[in-house]
Amino acid sequence: MTTLIINIKELLQVRKTSIAKVSGAEMAILPTLKNAYLVIKDNLIADFGTMDNLPETDADKTIDATGKMVLPSWCDSHTHIVYAGNREQEFVDRINGMTYEEIANRGGGILNSAKKLNESSEEEIYNQSKARLEEVMRLGTGAVEIKSGYGLTVDGELKMLRVIQRLAQNYPITIKATFLGAHAFPLEFATNHKGYIDLIINEMLPEIAKYKLANFIDAFCETGYFTVDETQQIMEAGIKFGLKPKIHVNQFNSIGGIQAGVKYNALSVDHLEVMTTEDIEALKNTETMPVALPSCSYFLSIPYTPAREMITAGLPLALATDYNPGSTPSGNMNFVVATACIKMKMTPEEAINAATINGAYAIGISETHGSITIGKKANLILTKPIPSYYQLPYAFGSNLIDTVLIEGEIFA
């Protein structure tokens with residue numbers, strides 16, 4: 001199957017050779033081609049160029065993209081899409097003055113979601129989660145990381161990971177699974193942290209490895225959740241079972257989690273709403289991708305990741321949704337890109353780089369996703385006719401997507 005897209009107003013994120021990520025000043029450079037064509041053969045990008053060099057192509061399907069932008073689909077490297085029910089009452093509680101921490105301390109938050117998940121069947125969770133996945137695909141996401149972490153029991157965590165595995169088998173979108181058993185301490189282990197960590201290491205991890213249910217291991221390294229020492233124990237154990245670390249750090253406090261992530265060569269450190277000079281220095285010249293979650297800051301009314309300081313310091317930055325029932329009940333990467341520009345003062349070029357090539361890096365798939373490069377997956381967004389790609393963050397409340405292609409096929 002060969003598809004030819006012609007008369008593209010501007011083809012974004014064009015990279016003749018594959019790169020892993022962009023950092024610092026490079027983030028402000030978004031290579032594009034105007035008046036372009038793109039050829040898809042089977043599910044891969046086979047060719048691209050300008051219309052004045054359009055080759056003879058025996059295409060099965062031709063798409064006229066006059067007036068439209070074409071760019072790689074979004075790579076969302078941090079989500080919790082698999083969950084049961086919602087936490088809308090907590091949303092109202094916060095409006096009435098309660099903080100996220102206060103809600104968690106009364107048994108709400110993550111523990112609330114864990115209770116609902118463990119009371120729900122695997123089929124119920126799958127059906128709820130697939131609806132969310134289909135929604136984000138329609139919104140332009142072509143690759144996604146999904147975490148467990150709302151089970152907090154052996155059965156609950158395995159149930160979540162099986163749902164993620166089933167979604168990956170049934171949908172064309174690329175899905176990577178992260179084991180986040182260290183999301184919070186269950187009530188029965190509130191005063192026995194060692195007991196729960198032993199459960200993660202000795203019971204959960206062997207089963208996850210046996211059935212190949214996860215790619216990464218994660219922990220919520222934060223005051224009131226997992227200490228730096230506890231996080232390091234979990235990362236060490238995950239590495240022994242072949243899982244690469246990706247960790248939650250610096251959402252509310254800077255306690256040394258970034259330094260621990262770098263020490264264990266974490267693929268990414270995520271949240272970063274609170275950053276010190278020492279944290280930024282620790283990330284320089286490492287292989288660890290900092291990931292910002294601006295719609296979480298928006299929803300909780302907490303600080304935004306200091307993108308300008310980090311990029312000026314020469315760091316890379318990725319953007320992701322943090323789609324979850326408590327702090328970000330949205331998987332809309334278009335809103336994430338816009339919010340990064342509006343609230344974090346990222347340029348459109350920086351935000352698009354952060355949501356495509358750097359997002360792919362933060363899922364470990366930059367060789368196959370994140371840019372318009374021959375041989376990469378044909379996961380594409382075709383916009384509606386727009387004046388320029390600046391319109392994407394500028395018109396933040398409008399759906400500017402006309403068509404989404406996943407693995408070369410239109411996703412309806």
Side-chain angles (χ1 to χ4, degrees), residues 23-24 27 77-80 90 94 97-105 108-110 147 149 180 182-185 218-232 234-235 245-264 266-284 286 288-324 326-328 336 339-346 350-351 354 358-359 362:
S23 306
M27 289 197 63
S77 66
H78 183 129
T79 83
H80 307 253
E90 294 178 8
R94 281 202 310 279
M98 291 189 75
T99 66
Y100 184 84
E101 293 94 328
E102 286 169 342
I103 291 167
N105 289 338
I110 294 163
K147 303 178 190 293
L180 180 57
H183 202 187
F185 286 98
D218 198 343
F220 189 11
C221 184
E222 181 57 75
T223 303
Y225 292 88
F226 289 78
T227 67
V228 172
D229 285 345
E230 290 166 344
T231 299
Q232 290 187 148
I234 290 156
M235 284 192 286
K246 282 169 64 74
I247 56 173
H248 288 61
V249 290
N250 291 50
Q251 183 173 4
F252 303 109
N253 302 279
S254 174
I255 61 172
I258 286 175
Q259 289 78 0
V262 169
K263 176 182 174 183
Y264 287 94
L267 182 60
S268 70
V269 286
D270 302 26
H271 272 290
L272 315 181
E273 289 88 345
V274 177
M275 292 289 282
T276 66
T277 302
E278 292 75 20
D279 294 327
I280 291 173
E281 286 296 316
L283 285 165
K284 287 184 177 178
T286 73
T288 299
M289 176 65 70
V291 179
L293 310 170
S295 46
C296 177
S297 297
Y298 173 85
F299 193 73
L300 293 183
S301 298
I302 61 175
Y304 288 85
T305 301
R308 288 267 52 90
E309 293 175 43
M310 294 168 69
I311 294 170
T312 299
L315 297 182
L317 189 63
L319 292 169
T321 64
D322 193 24
Y323 192 176
N324 77 80
S327 63
T328 320
V336 167
T339 305
C341 295
I342 296 163
K343 294 295 187 180
M344 292 162 55
K345 303 304 179 188
M346 293 178 73
E350 289 170 338
N358 283 2

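In what follows, every heavy atom counts, from backbone to side chain, and hydrogens, waters and symmetry copies are set aside. Bear in mind the structure is a predicted one, so any value in this text is a computation, not a measurement.
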Using the ring of each side chain (for Trp, its six-membered ring), is H248 parallel, tilted or perpendicular to H271, with breaks at 30° and 60°?
-> tilted
Indicate the ring-plane relationship of F220 and Y225, choosing parallel, tilted or perpendicular according to the 30° and 60° boundaries.
-> tilted
Looking at every non-hydrogen atom in both residues, tell me the closest pair between [X] and [Y] and how far apart they are.
| X | Y | answer |
| --- | --- | --- |
| G314 | S23 | O-CB, 3.5 Å |
| A219 | T231 | CB-CG2, 4.0 Å |
| K246 | A362 | NZ-O, 2.7 Å |
| D279 | V274 | OD2-O, 4.1 Å |
| A282 | V262 | O-CG2, 3.6 Å |
| A351 | L319 | O-CD1, 3.7 Å |

Between [atom1] on residue [X] and [atom2] on residue [Y], distance to nearest 0.5 Å:
| X | Y | atom1 | atom2 | result |
| --- | --- | --- | --- | --- |
| L272 | L293 | CG | CG | 7.5 Å |
| I247 | C221 | CD1 | SG | 5.5 Å |
| M98 | I103 | CE | CD1 | 5.0 Å |
| K345 | E350 | NZ | CD | 12.5 Å |

Modelled atom types, side-chain donor and acceptor of D229 and T227, under 3.5 Å | no
[X] side chain to [Y] main-chain N or O, any donor-acceptor pair under 3.5 Å?
| X | Y | value |
| --- | --- | --- |
| T339 | V336 | no |
| E222 | N253 | yes |
| S295 | T321 | yes |

Contact between [X] and [Y] at the side-chain level, heavy atoms closer than 4.5 Å - yes or no?
| X | Y | value |
| --- | --- | --- |
| Q251 | I302 | yes |
| I110 | H80 | no |
| E273 | C296 | yes |
| E278 | I258 | no |
| Q232 | K263 | yes |

Option passing side chain to side chain donor-acceptor pair (under 3.5 Å) with H78 (candidates D322, T328, N324) = D322
Determine whether the aromatic ring centres of Y298 and Y304 lie less than 6.0 Å apart.
-> no
Which of M275, M344, M27 passes side chain to side chain contact (heavy atoms under 4.5 Å, CB included) with M310? Answer is M275
Can you sort out the partners of T312 under side-chain hydrogen bond (donor to acceptor under 3.5 Å, both in side chains), two or more places apart, ordered by chain and number?
-> none
